[in-house]
Amino acid sequence: MQSSRRHDIDALRALAFGMLILYHWAMLYVGGEDWGWHLKSPHTSEWLQLPMLAVNRWRMDLIFLVSGLSVHFLLRDTRIGRFFVLRSWRLLLPLVFGMWVVVPIQPYAEGVANGAVEPGFLAFLARYYAGSTWPEGAFAGWEHGFTWNHLWYLAYLWVYTCVFALILPLLRRLPNPLVKLRGAWLLVLPALPLAINTLLLQPHFDDTGDLVNDWYRHSIYFTVFLYGWWLGTHEGVWAELVRLRRRALGGAVAMFAIYGACVFVLPEEVGETLQAGIWILRNLYIWWMLCAILGYGRAYLDRPFRWLPWANEAVYPWYVLHQSLIVALAFWLLPMHLGPIVEPALVLLGTIAGCALLHAIIRRSAVLRPLFGLKRRQAASAASMSLARDSGVSVGA
């Protein structure tokens with residue numbers, strides 16, 4: 001019996017979050033005024049700006065699109081009320097736990113590096129948990145006294161889940177705007193709302209990560225979230241994405257060459273008309289890149305890879321843990337002056353090893369599993385057996 005499970009969606013989810021880990025690691029080493037981060041190595045390189053810019057423009061759009069796809073699959077077997085409760089549990093519990101247990105090493109390391117926080121992690125935690133005020137610019141989120149740093153995605157996704165649950169009855173009555181698109185229409189029309197949102201909202205809302213006032217990013221991320229839900233399992237659209245994958249990738253590369261030239265060659269301040277043109281180019285690049293990724297994923301990743309059952313479970317804990325490990329390792333290693341090869345290698349390898357070791361502990365603990373977004377062991381075992389059966393992998397392997 002052929003499985004209906006979409007292995008390419010599982011694989012894209014794992015690969016997208018794996019790329020996020022590499023991106024945050026590279027943030028330590030990319031040079032330039034516009035690439036500030038919690039810590040910076042003395043071994044920065046400005047040439048990293050080009051590949052980082054290429055990935056930066058669509059990395060979170062891909063993650064929110066895959067999140068929308070996941071919602072489509074979840075709602076096939078779950079009522080909307082239960083779906084909302086389950087999603088709230090799996091998003092809010094890791095968010096709160098992560099903010100108070102996993103994340104604090106990040107503002108501590110950033111504050112000490114900035115000279116705004118006295119060394120001594122336990123003393124910092126006492127102030128942090130007490131809701132103390134901090135010197136201006138001590139760390140990202142200093143004005144609130146605490147921060148969620150990289151876990152902002154969980155907060156945003158929960159809000160989108162709430163909005164989605166409220167408007168779902170309306171969405172189900174409306175025609176699917178993607179299902180009949182073919183050829184150039186599929187490559188152009190879905191990019192228009194992204195471009196319009198950018199033109200209308202980006203000039204007025206800075207990219208600050210402020211959940212309440214982040215209306216530009218909300219407009220983009222919620223739109224691609226809905227695109228994921230609308231794509232669902234409509235075979236006609238997916239077949240078209242496969243057919244167009246080379247054209248989409250070639251167009252994305254060409255578009256980024258033009259967009260990148262504008263970013264690196266033109267002055268920061270340009271006329272309104274030129275700025276609008278650059279933003280339109282950027283959104284076309286984003287959508288074409290997403291189309292290429294989805295098309296190539298469907299063509300080559302929809303198969304039962306042996307690593308998928310493990311990766312499918314590892315995504316959430318690795319996401320919660322990775323940035324704190326990167327920052328902690330960098331905070332420890334940077335003063336050693338290990339050089340531009342040994343230092344980055346140790347930070348990356350240490351992050352991977354730390355995520356793997358902690359995940360191995362978390363997955364075996366009934367207490368820790370829900371704190372890192374994992375299902376209870378009985379439910380996870382049943383899901384693992386199903387995925388393993390689809391993948392041809394022994395559950396005991």
Side-chain angles (χ1 to χ4, degrees), residues 2-16 19 54-55 57-76 160 164 168 170-198 219-259 279-305 308 390:
Q2 187 175 3
S3 167
S4 62
R5 190 175 188 98
R6 285 288 301 274
H7 301 294
D8 56 317
I9 304 304
D10 289 330
L12 282 177
R13 178 172 172 263
L15 292 173
M19 181 182 65
V55 171
R57 290 299 177 252
W58 50 262
R59 62 188 179 89
M60 291 309 303
D61 304 74
L62 175 62
I63 287 175
F64 278 108
L65 189 146
V66 170
S67 297
L69 278 165
S70 299
V71 165
H72 174 90
F73 289 105
L74 285 170
L75 283 175
R76 292 191 304 180
Y160 299 164
F164 176 81
L168 183 58
L170 174 62
L171 289 173
R172 283 175 166 165
R173 290 184 177 91
L174 295 175
N176 188 322
L178 300 182
V179 69
K180 293 184 179 180
L181 295 181
R182 298 292 183 271
W185 296 110
L186 182 57
L187 294 178
V188 174
L189 287 184
L192 294 183
L194 303 179
I196 292 170
N197 289 339
T198 300
S219 70
I220 299 297
Y221 293 153
F222 189 63
T223 298
V224 294
F225 175 87
L226 289 178
Y227 284 174
W229 181 72
W230 275 319
L231 279 172
T233 55
H234 293 285
E235 286 302 322
V237 185
W238 283 101
E240 190 68 357
L241 287 169
V242 172
R243 188 181 74 84
L244 295 172
R245 67 189 188 278
R246 296 184 182 87
R247 192 185 310 177
L249 181 60
V253 171
M255 193 63 65
F256 181 75
I258 301 171
Y259 170 71
W279 282 342
I280 291 170
L281 287 175
R282 188 182 74 200
N283 283 284
L284 282 171
Y285 164 65
I286 290 169
W287 179 244
W288 289 356
M289 198 67 200
L290 292 177
C291 287
I293 290 168
L294 294 174
Y296 276 98
R298 183 76 166 109
Y300 297 108
L301 297 178
D302 191 16
R303 59 192 66 188
F305 296 103
L308 262 185
D390 293 342

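Owing to the predicted nature of the structure, the values given are computational and were not obtained by experimental measurement.
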**OP:** Using a 4.5 Å cut-off on heavy atoms from C-beta on, say whether the side chain of Leu231 contacts that of Leu241.
**Re:** yes
**OP:** Starting from the C-alpha separation in whole Å, work towards a yes-or-no answer on side chain to side chain contact (heavy atoms under 4.5 Å, CB included) for Thr233 and His72.
**Re:** CA-CA 8 Å; Thr233 55; His72 174 90; 3.7 Å; yes
**OP:** Take Trp229 and Leu69, measure what side chain to side chain contact (heavy atoms under 4.5 Å, CB included) needs, and give me the verdict at the end.
**Re:** CA-CA 5 Å; Trp229 181 72; Leu69 278 165; over 6 Å; no
Original post:
When you measure from the side chain of Arg13 to the backbone N and O of Asp10, does any donor-acceptor pair fall under 3.5 Å?
Top reply: no
**OP:** Flag the pair Leu294 / Leu12 as yes when at least one side-chain heavy-atom distance between them is below 4.5 Å, and no otherwise.
**Re:** yes
**OP:** For the pair Tyr259 (side chain) and Asn283 (backbone), establish whether a donor and an acceptor sit closer than 3.5 Å, ignoring hydrogens and angles.
**Re:** no
Subject >> Heavy-atom pair with the smallest gap, counting every atom of Ala292 and Arg245 >> reply: CB-O, 4.0 Å
Original post:
Is Phe305 close to His7 at the side-chain level, that is, under 4.5 Å between some pair of heavy atoms?
Top reply: no
Subject >> Which atom of Pro193 lies closest to which atom of Tyr227, heavy atoms considered >> reply: CG-OH, 3.4 Å
Original post:
If you measure from CZ on Arg6 to CZ on Phe73, what distance do you get to the nearest 0.5 Å?
Top reply: 5.0 Å
**OP:** Keeping the roles fixed (side chain from Trp287, backbone from Leu186), state whether a donor-acceptor pair exists under 3.5 Å.
**Re:** yes
Original post:
Sub-3.5 Å donor-acceptor pair from the side chain of Trp238 to the main-chain atoms of Gly232, do we have one?
Top reply: yes
Original post:
What's the shortest heavy-atom distance between Ala191 and Leu284, and which atoms?
Top reply: CB-CD2, 3.9 Å
Subject >> Atom pair CD1 (Ile63) and CH2 (Trp58), whose distance is rounded to the nearest 0.5 Å >> reply: 9.5 Å
Original post:
Does a side-chain heavy-atom distance below 4.5 Å link Leu178 with His234?
Top reply: no
Original post:
Do Leu75 and Phe164 come within less than 4.5 Å of each other through their side chains, counting heavy atoms only?
Top reply: yes
Original post:
Atom CG in Leu181, atom CG in Leu189: separation rounded to 0.5 Å?
Top reply: 5.5 Å
**OP:** Compare every heavy atom of Leu244 with every heavy atom of Gly183, then report the nearest pair and how far apart it is.
**Re:** O-CD1, 3.6 Å
Subject >> Criterion side chain to side chain contact (heavy atoms under 4.5 Å, CB included) on Met289 and Val253, from CA distance to verdict >> reply: CA-CA 8 Å; Met289 198 67 200; Val253 171; over 6 Å; no
**OP:** Answer whether the closest heavy-atom distance between the side chains of Asn176 and Val237 falls below 4.5 Å.
**Re:** no
Original post:
Does the pair Leu301 and Leu15 meet the rule for a side chain to side chain contact (heavy atoms under 4.5 Å, CB included), with working shown?
Top reply: CA-CA 11 Å; Leu301 297 178; Leu15 292 173; 3.9 Å; yes
Original post:
In Å, rounded to the nearest 0.5 Å, how long is the span from CG of Leu290 to CG of Leu187?
Top reply: 11.5 Å
Original post:
Hey, are Glu235 and Arg298 close enough for a salt bridge, meaning a charged N less than 4.0 Å from a carboxylate O?
Top reply: yes
**OP:** Nearest 0.5 Å please: distance from the CH2 atom of Trp288 over to the CD1 atom of Ile293.
**Re:** 15.0 Å
Original post:
With distance as the sole test, does Trp230 use its side chain to make a donor-acceptor pair with the main-chain N or O of Val179 at under 3.5 Å?
Top reply: no
Original post:
Looking at SG of Cys291 and CD of Glu240, how far apart are the two atoms once the value is rounded to the nearest 0.5 Å?
Top reply: 10.0 Å
Subject >> Where Asp61 and Val224 come nearest, the two heavy atoms and their spacing >> reply: O-CG2, 3.6 Å
**OP:** Would you check if Phe225 and Leu65 make a side-chain contact, meaning some heavy-atom pair closer than 4.5 Å?
**Re:** no
**OP:** For Tyr160 and Phe64, work out which heavy atoms get closest and say how close.
**Re:** CE1-CE2, 3.6 Å
